[in-house]
Amino acid sequence: MAAPGGDDDIGIFSTDRQGAAAGYNPGGFGDDFADPDYVFSRSIVGTSFSAPQISGVVALILSVNPKLAWRDVQHILILSARHFDLADPDLKTNGAGFRVSHNVGFGVPDAGQAVALARTWVNRPAAITVTFTANNVKPIPDDALRVLITGPNVPAGLMSIHASPGSGLHPDAATANLPLVDVGSATSAITSNLTGKAALIQRGGNDFDQKLQFAADAGAAFAVVYDNVNGTERILMDIDFAPIPGVFITQNDGEALRGYLQTNGPAQAQLQVSPVIYSFNVTNTLVCEHVGARVQTDHSRRGDLRITLLSPQGTRSVLQQVNFDDSAGPTDWTYYSTHHFGESSAGAWTLFISDEERLNTGNVQGVQLIIDGVAITDTDHDGLDDDWERAHFGAPLAFGPQDDPDGDGYDNAREQLMGTDPNVAEAPFKLDLSPWNEKLARLSWSGVTNRTYEVVAGTNVVSPLTVITTLAGRFPEREWFTPYTNLIGQFFRVRTAAP
Ligand SMILES: [Ca+2]
Ligand SMILES: [Ca+2]
Ligand SMILES: [Ca+2]
Ligand SMILES: [Ca+2]
């Protein structure tokens, strides 16, 4: 889950210790905040201010329904959450239709929606745990992230170039083999069209995530960044919010590659990693809650390792990125993910462990897959209880977890967890108009994705109102902002546009 923690420009409004020496706020904030005791601050920032907000929502949830267990509370938080940064490149929809990212989890819970769910919540059935073990020792290929170059007369030293990963998007599955274009150092927007191509970029002049943003804006599918100093050094790039994957190669390799492109013309590049792979074919049918991967290695540096888990539904949990941790291991560690929440457990789960830094090596000694969830009868392996499907839709098990036959925006996976009727749109349409700030009013309503809405407005409710904007729907809520100008006597109505 996520909650606001402020940023560099806007701090969090918080209580503060009194007095200039003890508190964060040693002075007032103008007339409105001229409290002599300085018992508040709006200048501080951090996750310390996010966690109490989630705790507060949990307290509200429990205040209306003290019988909830921790799993019920977690369900309610997930079901009431929404995303605000739809440009988050890591945002994916899992097999049950929940949007989840490694940056903000399931999003920010809506306290009102959470409390409403809690009032009528039926405790989830007991969960069970199923565990699968593989004890076959496998050596982990060292320094296994590569840029593969193909083209006329490629020198042997450039056919397979060792690379370091960045944070953020990663070529866990090999990229396409695409023409590689030298775009210099990408310190400003790239004017050439890179659609269907990859960018070769020199370090320097601006941040890595901005270079990758420029490459992506020009259409590039991925980027190879090379150092501008230090010959054989490689670094880990901080590219958490870059929209395309990027890898980093040395100055020597990069300049040789650039020289080859200049003298030989077009060449192609592909990003590829060689991990150790463990696969588990699961026949148990659970609705997943937590999925764990226990990893035992004798590796001499755990920061070299990237560990990901791919579910049968195609959702990948990144359990560990390559990082700066110089300790040995992991000798015995269990990583847990919630990204498979609501997915069916049945099918092939795949654990990938790759070493993406030179020096330091090791073996996987053993791994375990641990799935926690509610056991159901699920012959079609869709995460929906077959009895629930038949009771609502008849015999053929025709609908899937992400279908929404009643069109209320809640897909079948959500309706099963919430205990609502998947054939009845029971959520009432709610329209709200409220002040947003001194300049804008906010109009919001229960939104359904794949539906279009018209906002109509006018100053006389009995004369025809005119359509002032048409907006794409967004689940669970669509919002629209309008200036306060001429708002006296203004009426708004929102309706579904004809398809
Ligand atoms: Ca290594
Ligand atoms: Ca089923
Ligand atoms: Ca529905
Ligand atoms: Ca429904």
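One-based numbering, in listed order, for ligands and for the atoms of each. Index from 1, following the sequence.
Around the Ca ion (ligand 1), the two atoms OD1 of D355 and OD2 of D304 are separated by an angle of 90°, to 10 degrees. Geometry note: the Ca ion (ligand 2) is the vertex, D386 OD1 and D378 OD1 are the arms, and the angle is 100° (rounded to 10 degrees). Geometry note: the Ca ion (ligand 1) is the vertex, L359 O and D142 OD1 are the arms, and the angle is 100° (rounded to 10 degrees).
The nearest N/O/S atom of E357 to the Ca ion (ligand 1) is O. Checked against the Ca ion (ligand 4), the N, O or S atom of D421 at the shortest distance is O. The N, O or S atom of D408 lying closest to the Ca ion (ligand 4) is OD2. Closest to the Ca ion (ligand 2) among the N, O or S atoms of D380 is OD1. Closest to the Ca ion (ligand 4) among the N, O or S atoms of D406 is OD2. No other N/O/S atom of E426 lies as close to the Ca ion (ligand 4) as OE2 does. Note on D382: its N/O/S atom closest to the Ca ion (ligand 2) is OD1.
Of the inter-residue distances, the one linking H162 atom NE2 with T232 atom OG1 reads 12.5 Å to the nearest 0.5 angstrom.
F341 and F106 have perpendicular rings, their planes meeting at more than 60° on a 0 to 90° scale where under 30° would count as parallel. Aromatic ring pairs are classed by plane angle as parallel below 30°, tilted from 30° to 60° and perpendicular above 60°; the pair H339 and H102 is tilted.
Between V494 and R478, the closest side-chain pair of non-hydrogen atoms is not below 4.5 Å. F352 is not listed as a side-chain neighbour of D172, based on a closest heavy-atom distance of 4.5 Å or more. Counting only heavy atoms from C-beta outward, the side chains of S311 and W349 approach each other to under 4.5 Å. The shortest distance between side-chain heavy atoms of L91 and D85 does not fall below 4.5 Å.
One of the N, O or S atoms belonging to V424 lies under 3.0 Å away from the Ca ion (ligand 4). Checking L384 against the Ca ion (ligand 2), an N/O/S atom falls under the 3.0 Å cut-off. When distances to the Ca ion (ligand 1) are checked against a cut-off of 3.0 Å, T361 contributes no N, O or S atom below that limit. For the Ca ion (ligand 2), the set of nearby N, O or S atoms under 3.0 Å includes one belonging to E389.
Of the possible polar contacts, one joining the Q320 side chain to the R302 backbone as a donor-acceptor pair under 3.5 Å is found.
Between the side chains of R146 and S160, at least one donor N or O lies within less than 3.5 Å of an accepting N or O.
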